[in-house]
Structure formats: C-alpha cells, structure tokens
Amino acid sequence: MKTLRSHFRTATLALCAAGLLASQATAIPLITPDQSSPIVLAASDCYAIGQQVAEQNGGTLAKASQSTRGGQPVCVIVVLVPGKDGQRPRRSEIVVPQN
C-alpha cells in the first residue's frame, strides 16, 4: 500500500511540474504588428474568377476549383452555356491562370 501511495505522489508531482512548465511556455508575450506598415496578403479566389468567366461567356458557373498545371497555380472553371433553340446547355471547361 505504501508503494502505491508513493507512486501516486510522484505522478502527481510530475503532472504539477509539467503543468507549471506548460503555463510558463504559454505566457510568452505576443508581438503586436506595427500599424504603420500593415501587410495584407490576398489570394486569388477561383470562385470569383469563375463568376467573371461565366459572365463573359453568357453562362452559369457550375464549378470552380484550384489546380496546379505545369507547376503554376490555375483555376479550372466549368461553365454551363445555354444551348441554341431549346437544346441542352453546353458544358465548357476553361483553365485560367490564378494570378
């Protein structure tokens, strides 16, 4: 019984020490960014590009996804263009550079 109690005490002390170290690690002061020169990163949005492409082609945006072709980031846009004389819409896949 005495060994179980000593193991429990050792484990409790180890957990308390680990908690103390973890709390000290998270108490590091945060560095606030300089407001005089903010950096804004803006990524191209494939959905917005797809909306523009669909509007230019007179169709409806069906799908817009990001891909890499030839090592360059591209947007793969699928547009449904209305068919002529009541026919089914035509599916058009357009690959546009993302930048």
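Nearest heavy-atom pair across Gly58 and Pro82 is O-CD, 3.4 Å. Contact record, Ile49 with Gln98: CD1-O, 4.1 Å, taken as the closest heavy-atom pair. When all heavy atoms of Leu80 and Ala62 are compared, the pair lying nearest together is CG-CB, 3.9 Å.
Residues satisfying the side chain to side chain contact (heavy atoms under 4.5 Å, CB included) criterion with Thr60, sequence neighbours excluded, are absent altogether. For Ala48, the side chain to side chain contact (heavy atoms under 4.5 Å, CB included) partners two or more places apart in sequence, or in a different chain, are Asp45. The side chain to side chain contact (heavy atoms under 4.5 Å, CB included) check on Leu61 picks up Tyr47, Gln51, Ala54, Ala64, Ile77, with sequence neighbours excluded. Qualifying side chain to side chain donor-acceptor pair (under 3.5 Å) partners for Gln52, counting only residues two or more places apart in sequence or in other chains: none. Scored by the salt bridge (Lys or Arg N to Asp or Glu O under 4.0 Å) test, Arg90 finds no partners at all (sequence neighbours excluded).
No continuous path of ILVMFWY side-chain contacts below 4.5 Å connects Val74 to Ile94, so the two sit in separate hydrophobic clusters. Val81 and Val96 end up in the same hydrophobic cluster when Ile, Leu, Val, Met, Phe, Trp and Tyr side chains are linked at under 4.5 Å.
Each side-chain hydrogen bond (donor to acceptor under 3.5 Å, both in side chains) pair with one or both residues in residues 68-88, not counting sequence neighbours, would appear here, but there are none.
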